[in-house]
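What follows is a set of notes on a single structure, which appears directly below.
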Amino acid sequence: MTETFRPDALPRALTGVDDLIREGLADPAHGPQLEAVAAEFRIRIPPALPRDSAGVRAQVVPSVAELTIRPEELADPIGDDAHRPVPGLTHRYPDRAILHATQTCEVYCRFCFRRETVGDTGSLSEDGFAQVLDYLRATPAVREVIFTGGDPLVLSPRRLRAMLTALEEIPSVELVRFHTRMPVVAPEKVTPALAEVLDRRLPVWVVIHTNHPDEITPAAAAAFRRLTRAGVPLLSQTVLLRGVNADADTLECLFRKLIAHRVKPYYLHHPDLAKGTGHFRLPLAEGQAIMAALRGRLTGIAQPLYVLDLPGGHGKVPVGPGYLQPDGQGGWIVTDPQGNRHSYRDR
């Protein structure tokens, strides 16, 4: 049976404090404070997201807590700006570069590490993309181009086709990756036409940003299937967030749902030091304990790598729990998934 796509049949996105109050998502008494929050970082909640889920609401409904800026919080918490050889491109790692294809998103998440820039401008211009192509041609060490934003899948299939075709003509580019929230926040926009654009000679991988099992609705599952039918491998990226998913039970449910739909959990990010996001963060030790609990409960296929993206542009490092400690006699003490300790000698 042919799938029918009717984006026009959905209610419109919520984009202002008045919308939130009308829908019962915000307290009218907090209206002035929430307007101050919205003045700093815009609001957009698409209709496909299940608003009856507390874990979803916490990600997208603004909070007065966002007005609290802690001393350690930064405008550019992962150091994108320090590694931009040309506008629209971040080159932090030798073999891969991040292409900021657009600053527009279908949803504006309250913990976003690019909240200082996302939503301010539209798509990368043709001239800007030409500069990116020139840089990539002159830098053959870059083998992977990572589309990000904003959300790159807000771009039209026509525009994406043209960009991918141009990248295919650069011999040193071997792989393209898209990071996106679209399949979970606006699954109706992951059309067969979009999936067809991603099915090409140059391998395209898609990393879906999803943080709570309630985001994986039947419509989201159908969007995943449209992509996998087109031969697009799917990974996921999750941010560990207090009040959303900072417990082993919620993450286990999320990761099990993902692998059931052929999505491999890839990264679990410790939350970045973005301004006004302190209420989402938790101690690293707490995150490590959650990951240790998951080790004994989940197949390795369902376990992401727990990482911290270092401020200043120094890159991601694994921060998962440590299972090995030197025993002081040339051997090791190894902790198993149940928390029991064992002696081990490797020579």
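Position 1 is the first residue of the sequence; numbering continues from there.
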Show which side-chain atoms of residues 284-291 pair as donor or acceptor with protein atoms under 3.5 Å away, not counting sequence neighbours.
residue, atom, partner, partner atom, Å
Glu286, OE1, Arg242, NH2, 3.4
Gln288, NE2, Val319, O, 3.0

Minimum-distance pair of heavy atoms, taken over all atoms of [X] and [Y]:
| X | Y | answer |
| --- | --- | --- |
| Pro62 | Leu34 | O-CD2, 3.6 Å |
| Pro203 | Leu175 | O-CD1, 3.6 Å |
| Pro11 | Pro47 | O-CG, 2.9 Å |
| Leu202 | Leu164 | CD2-O, 4.5 Å |
| Ala101 | Pro152 | CB-CB, 4.3 Å |
| Glu73 | Gly278 | OE2-N, 3.0 Å |

Counting C-beta onward and ignoring hydrogens, is there a side-chain heavy-atom pair between [X] and [Y] closer than 4.5 Å?
| X | Y | value |
| --- | --- | --- |
| Ile259 | Pro265 | yes |
| Thr238 | Asn211 | yes |
| Ile146 | Val207 | no |
| Pro213 | Thr250 | yes |
| Arg44 | Val107 | no |
| Ser123 | Leu155 | yes |
| Phe255 | Leu294 | yes |
| Pro326 | Trp332 | yes |

If only atom types and distance count, is the side chain of [X] paired as donor or acceptor with the main-chain N or O of [Y] below 3.5 Å?
| X | Y | result |
| --- | --- | --- |
| His212 | Asp214 | yes |
| Arg226 | Val190 | yes |
| Gln59 | Gly55 | yes |
| Glu40 | Val37 | no |
| Ser53 | Val56 | yes |
| Asp272 | Ala274 | no |
| His179 | Gly149 | no |
| Gln131 | Pro87 | no |
| Asn245 | Leu251 | no |
| Ser125 | Gly128 | yes |

Are [X] and [Y] joined in one hydrophobic group, where the rule is that I, L, V, M, F, W and Y side chains link up if heavy atoms are under 4.5 Å apart?
| X | Y | answer |
| --- | --- | --- |
| Tyr93 | Val142 | no |
| Leu133 | Val176 | yes |
| Leu234 | Leu254 | yes |
| Leu153 | Leu258 | yes |
| Ile301 | Leu235 | no |

Task: Residue pairs fulfilling ring-ring contact (aromatic ring centres under 6.0 Å, His included) with at least one residue in residues 187-207, sequence neighbours excluded - done: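 Listed once each, the pairs would be none.
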
- [ ] With sequence neighbours excluded, tell me which residues meet salt bridge (Lys or Arg N to Asp or Glu O under 4.0 Å) with Asp199.
- [x]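 Residues passing salt bridge (Lys or Arg N to Asp or Glu O under 4.0 Å) with Asp199: none at all.
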
Open item on the list: Could you work out, with salt bridge (Lys or Arg N to Asp or Glu O under 4.0 Å) as the rule, every residue matching Glu215, not counting sequence neighbours?
Closed with: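 Scan of Glu215 (salt bridge (Lys or Arg N to Asp or Glu O under 4.0 Å), adjacent residues dropped) gives Arg181.
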
Rounded to the nearest 0.5 Å, how far does [atom2] of [Y] lie from [atom1] of [X]?
| X | Y | atom1 | atom2 | value |
| --- | --- | --- | --- | --- |
| Leu124 | Met163 | CG | CE | 6.0 Å |
| His91 | His83 | NE2 | NE2 | 10.0 Å |
| Thr277 | Ile69 | OG1 | CD1 | 8.0 Å |
| Gln237 | Ile208 | CD | CD1 | 11.5 Å |
| Leu268 | Leu240 | CG | CG | 5.0 Å |
| Leu167 | Phe129 | CG | CZ | 4.5 Å |

TODO: Give the C-alpha distance, both sets of side-chain angles, the deciding distance and a yes or no for side chain to side chain contact (heavy atoms under 4.5 Å, CB included) between Arg200 and Thr165.
DONE: CA-CA 9 Å; Arg200 54 196 311 117; Thr165 298; 3.0 Å; yes

Open item on the list: Are more than 12 heavy atoms, taken from residues, nucleotides or ligands other than Glu168, located less than 6.0 Å from that residue's CD atom?
Closed with: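 Result for CD/Glu168: enclosed.
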
Open item on the list: Tell me whether Arg297 at atom CZ has more than 12 heavy atoms from other residues, nucleotides or ligands lying less than 6.0 Å away.
Closed with: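 Enclosed.
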
Taking only residues two or more places apart in sequence, or in another chain, which ones meet [X] in a ring pair (Phe, Tyr, Trp, His ring centres under 6.0 Å)?
| X | answer |
| --- | --- |
| His279 | none |
| Phe111 | Phe280 |
| Tyr323 | none |
| Tyr267 | His269 |

Open item on the list: Listing request: all side-chain hydrogen bond (donor to acceptor under 3.5 Å, both in side chains) pairs with a residue in residues 21-34, at least two apart in sequence or in separate chains.
Closed with: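 Matches after skipping sequence neighbours: Asp19-Arg22.
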
Open item on the list: If the condition is side chain to side chain contact (heavy atoms under 4.5 Å, CB included), which residues does Ala293 pass it with, not counting sequence neighbours?
Closed with: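 By the side chain to side chain contact (heavy atoms under 4.5 Å, CB included) rule, Ala293 matches Ala248.
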
- [ ] Name all pairs fulfilling the salt bridge (Lys or Arg N to Asp or Glu O under 4.0 Å) condition that reach into residues 129-155, sequence neighbours left out, sorted by first residue then second.
- [x]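 Sorted pair list: Asp134-Arg137, Arg143-Glu174, Glu144-Arg177.
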
TODO: Output every pair passing salt bridge (Lys or Arg N to Asp or Glu O under 4.0 Å) with a member in residues 255-266, not counting sequence neighbours, ordered by first then second residue.
DONE: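 For residues 255-266: Glu252-Arg256.
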
Task: Aromatic ring pairing Phe178/Phe147, orientation class (parallel under 30°, perpendicular over 60°, tilted between) - done: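 Phe178 and Phe147: parallel rings.
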
- [ ] Ignoring hydrogens and angles, state whether a donor on the side chain of His100 or Thr90 is under 3.5 Å from an acceptor on the partner side chain.
- [x]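 Short answer, yes.
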
